[in-house]
Visitor: 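Take a look at the following structure, please.
Naming convention: chains lettered A, B, ... in sequence-line order (proteins, then strands); numbering from 1 in each chain.
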Amino acid sequence: MSEDRENRTPNFIRNIIEEDLASGKWDGRVQTRFPPEPNGYLHIGHGKAICLNFSLAEEFGGKCNLRFDDTNPVKEEDEYVQSIIEDVKWLGFDLGDTIFYASDYFQQMADFAIDLIRKGLAYVDDLTADQIREYRGTLTEAGKESPFRNRSVEENLDLFQRMKNGEFPDGTKVLRAKIDMASGNINMRDPVMYRILHASHHRTGDTWCIYPMYDWAHGLEDSIERITHSICTLEFEDHRPLYDWYLDALETYHPQQIEFARLNLAYTIMSKRRLLQLVKEKHVNGWDDPRMPTLSGMRRRGYTPESIRTFAERIGVAKRDSMVDMALLEFCIREHLNAVAPRYMAVLDPLKVKIVNYEGNGEFLECINNPEKPEAGSRKVPFSGELYIEREDFREDPPPKFYRLAPGREVRLRYAYFITCVDVIKENGRITELHCTYDPQTRGGDAPDGRKVKSTLHWVSARHAIPAEIRLYDRLFNVPDPSNADGDFLDHLNPDSLQTTQGYLEPALQECRTGDRVQFERKGYFCLDPDSAEGRPVFNRTVTLRDTWAKIEQKQSGD
RNA sequence: UGGGGCGUCGCCAAGUGGAAAGGCACGGGGUUUUGGUCCCCGCAUACGGAGGUUCGAAUCCUUCCGCCCCAGCCA
């Protein structure tokens, strides 16, 4: 753990906490929080925030609260709170025994509002939403004060009470803080604290018909929970003066708000609104579609919590807007899966091979389960005279540097025999089968005479093969920054982001259970999808292996 | 033309006056029954530009340039 800490790159937030600990600012406490609104599924950007807040607490012996910022019933649903709890737990952080809800503080917030009214710092406004907008002014011109701004404390108290009691229809009145209509910071131009919303809340039902606005609610939530460091994203920087103003005016416990840059990942989007649109309009198959940057999608795709946590650690935390390469995420998942995923053989795009001099009825060959993990042991894989290999592993007319099978060429079948291609069978110009000879002396994959081959191919015995659906994923969009590209972001969806193939698996793969992650040798890491049926497995490709040959070939076609 | 931020290698990111960490990517080499993994090596005389202060500046000052956010009764 302490070694862990030394390996971490310093960041400005950790520095602030260390200084606070040194000066005794919060009596040595570190209390953070992750405050999602339950209006959608969590994505990898939230993952960054979760890792940040929980890791900081963990590192300094503090606590991090999972708190639902459920102040807007019209957008929030219980389905989302359940998914968020599942995702945070999945990432592996300790939630303690309490999950917090802003809605549990509605009464306290209303009491605080009465305090503010009594201090003459809040008033009920009868202006319409349109009028409030007009009165707010613009970025360069000051706003003007509402004619209702100077109502008496008594009148405000009465009106606010009646708002709470449900005497007024939606939109007819709001409670506002009395700050400064001429402030350069628009957030300070008498911000709305409460609006009337006769809407049923997923937790409080119809108890309330007024709901607090974010700025008013959030600082109070932090204050009530005795948060020390309230970490949020950059766009809330302008809100900090208001956060501070409310807490100062109330003369109550006052955490420090700190802002960092949210995550942007190339070739995908991180906007909940747009993600929701992809789901609603069926551009993807639900929030957990493996192409989605949601935590549930990544989980289904085969990402591990560990890989996401190391990713979050490696991208760092800073204040500048940035766009992280997919390559780093992929590196993180490969790194973890390389260490833990058992190896199997599976052919994604089958080409039949007949071993013309093979006379036996078949046999079992010993295969290592994970060369990175000797304790994973080995298994027996059936071999026979009819096999499938990968279509792309054969070239009738091999280009330079292509080491795989070709007419007259000898290669190794992994853990099996050397084979040599002696004939190519075609139908209407398409290769349908290869005839090969094998060398019985090379059983297991080594030639007693010491001769070498330039490549090793994976294979599956045709007679024993299990047919499977394999889903190959590519980036969801074909531009790095779809949200800021020309036209609608939907115009940039990658039409080939999902390709389905029918392949063959070695029999041992039958034992996989939903969610199991494996390596298909030479092809990548795969994960058994919940769509699988008995005898009809469906595998998702999490990520390919690094592919040096693909790079060489691409370079060749480039010149 | 208001307010708030940010500019260090292709992508992230340390560094807070003593002289450019690290990771990814990329290139080269070695090992290898996964063209995987692993291991070596290389990769910013340079920190948005220009001035200035200083023995010394990415770090301080001036000025210019560029990018991001804010005018919801959303969060």
Side-chain angles (χ1 to χ4, degrees), chain A residues 7 9-11 15 35-37 39 69 71-72 74-76 125 127-129 132-134 136-143 170-176 182-189 191-197 210-211 213-215 217-218 232-241 259 261 266 272-273 313-332 334-335 338-339 343 345 367-368 371-372 401-404 412-416 418 442 444-446 452-458 519-524 544-552:
Chain A
N7 289 338
T9 299
N11 67 58
N15 293 346
E37 183 189 13
N39 66 346
D69 205 359
T71 57
N72 184 4
V74 312
K75 288 191 177 174
E76 298 157 7
D125 196 350
L127 255 27
T128 65
I132 286 180
R133 190 180 318 118
E134 276 172 41
R136 188 152 35 223
T138 68
L139 292 179
T140 51
E141 301 162 72
D170 288 3
T172 53
K173 284 183 169 45
V174 291
L175 183 70
R176 292 229 255 172
S183 174
N185 182 346
I186 290 184
N187 295 125
M188 302 299 272
R189 320 241 262 228
V192 173
M193 295 162 61
Y194 277 99
R195 75 282 213 185
I196 299 172
L197 235 40
I210 57 168
Y211 290 92
M213 298 288 291
Y214 169 85
D215 289 300
H218 205 86
C232 63
T233 45
L234 251 29
E235 67 270 27
F236 292 105
E237 213 146 17
D238 301 346
H239 295 241
R240 184 164 13 107
E259 311 84 12
K272 270 203 219 174
R273 199 202 97 231
E313 188 59 43
R314 286 203 253 240
I315 57 177
V317 178
K319 294 196 71 155
R320 69 182 86 109
D321 290 312
S322 62
M323 172 79 69
V324 175
D325 258 351
M326 260 313 178
L328 182 59
L329 218 208
E330 294 184 343
F331 171 82
C332 292
R334 285 191 187 111
E335 176 184 53
N338 174 56
R343 273 60 167 173
M345 290 196 284
C367 300
I368 293 166
E372 304 298 316
K401 301 257 186 71
F402 182 87
Y403 301 147
R404 282 109 97 144
R412 171 168 39 234
L413 293 180
R414 177 143 239 231
Y415 299 121
F418 284 11
T442 58
D446 280 308
K452 301 288 180 202
V453 288
K454 305 248 333 192
S455 75
T456 301
L457 310 185
H458 61 280
Q519 182 190 110
F520 290 170
E521 293 220 25
R522 303 208 305 134
K523 297 312 296 180
T544 61
L545 258 26
R546 261 188 67 208
D547 191 345
T548 306
W549 162 244
K551 218 179 287 173
I552 293 168

Visitor: I need the CH2-P distance between A:Trp549 and B:rU37, as an integer number of Å.
Guide: 18 Å
Visitor: Where do A:Leu457 and A:Arg522 land on the side chain to side chain contact (heavy atoms under 4.5 Å, CB included) test, with the steps shown first?
Guide: CA-CA 8 Å; A:Leu457 310 185; A:Arg522 303 208 305 134; 3.6 Å; yes
Visitor: Remember a base hit wins even if backbone is also touched, and classify A:Pro241 as base, sugar-phosphate or nothing at under 4.0 Å, heavy atoms.
Guide: nothing
Visitor: Quick check: A:Trp549 with A:Phe402 (ring centres under 6.0 Å apart)?
Guide: yes
Visitor: Hey, could you give me the NE2/CG distance between A:His239 and A:Asn187, rounded to the nearest 0.5 Å?
Guide: 4.0 Å
Visitor: Restricting both atoms to N or O, compile the protein contacts to nucleotides 68-74 of chain B shorter than 3.5 Å, with distance only.
Guide:
| unit_1 | atom_1 | unit_2 | atom_2 | d |
| --- | --- | --- | --- | --- |
| B:rC68 | O2' | A:Asp321 | OD2 | 3.2 |
| B:rA71 | O2' | A:Arg136 | NE | 3.2 |
| B:rG72 | OP2 | A:Arg133 | NE | 3.3 |
| B:rG72 | OP2 | A:Arg136 | NH2 | 3.1 |
| B:rC73 | OP1 | A:Arg136 | NH2 | 3.3 |
| B:rC73 | OP2 | A:Arg136 | NH1 | 3.0 |
| B:rC73 | N3 | A:Gly171 | O | 3.3 |
| B:rC73 | N4 | A:Leu127 | O | 3.0 |
| B:rC73 | N4 | A:Ala129 | N | 3.0 |
| B:rC73 | N4 | A:Gly171 | O | 3.0 |
| B:rC74 | OP2 | A:Arg195 | NE | 3.0 |
| B:rC74 | OP2 | A:Arg195 | NH2 | 2.9 |
| B:rC74 | O3' | A:Arg195 | NH2 | 3.2 |
| B:rC74 | O2' | A:Asn72 | ND2 | 3.0 |

Visitor: Look at A:Glu141 together with A:Arg136 and state whether they make a salt bridge at an N to O cut-off of under 4.0 Å.
Guide: no
Visitor: Does B:rG72 sit syn or anti, given that only angles within 90° of 0 count as syn?
Guide: syn
Visitor: Does the side chain of A:Arg320 get closer than 4.0 angstrom to OP1 or OP2 of B:rG7 through an N or O atom?
Guide: yes
Visitor: A:Glu259: what forms a salt bridge (Lys or Arg N to Asp or Glu O under 4.0 Å) with it, not counting sequence neighbours?
Guide: A:Arg240, A:Lys319
Visitor: Do A:Arg412 and B:rU34 have a side chain to base donor-acceptor pair shorter than 3.5 Å?
Guide: no
Visitor: Backbone N or O of A:Pro191 within a donor-acceptor pair of the A:Asp215 side chain at under 3.5 Å?
Guide: no
Visitor: Report the residues that fulfil ring-ring contact (aromatic ring centres under 6.0 Å, His included) with A:Tyr214, sequence neighbours left out, ordered by chain and then residue number.
Guide: A:His218, A:Phe236
Visitor: What pattern of brackets, bars and dots sums up RNA chain B from 5' to 3', given Watson-Crick or G-U wobble pairs under 3.5 Å, [ ] for crossing pairs and | for another strand?
Guide: .(((((((.[[[..)..(...]]].(((((.......))))).....[[[[[..)....]]]]])))))).....
Visitor: Excluding sequence neighbours, so at least two apart, what forms side chain to side chain contact (heavy atoms under 4.5 Å, CB included) with A:Thr128?
Guide: A:Asp130, A:Gln131
Visitor: For nucleotides 23-29 of chain B, give me one character per nucleotide, 5' to 3': B if any protein heavy atom sits under 4.0 Å from the base, S if the only such contacts are to the sugar-phosphate, - if neither.
Guide: SSSSS--
Visitor: Taking only the C1' atom of each, what is the distance from B:rG17 to B:rA58 in whole angstrom?
Guide: 11 Å
Visitor: Could you give the distance separating B:rU37 and B:rG48 at their C1' atoms, to the nearest angstrom?
Guide: 41 Å
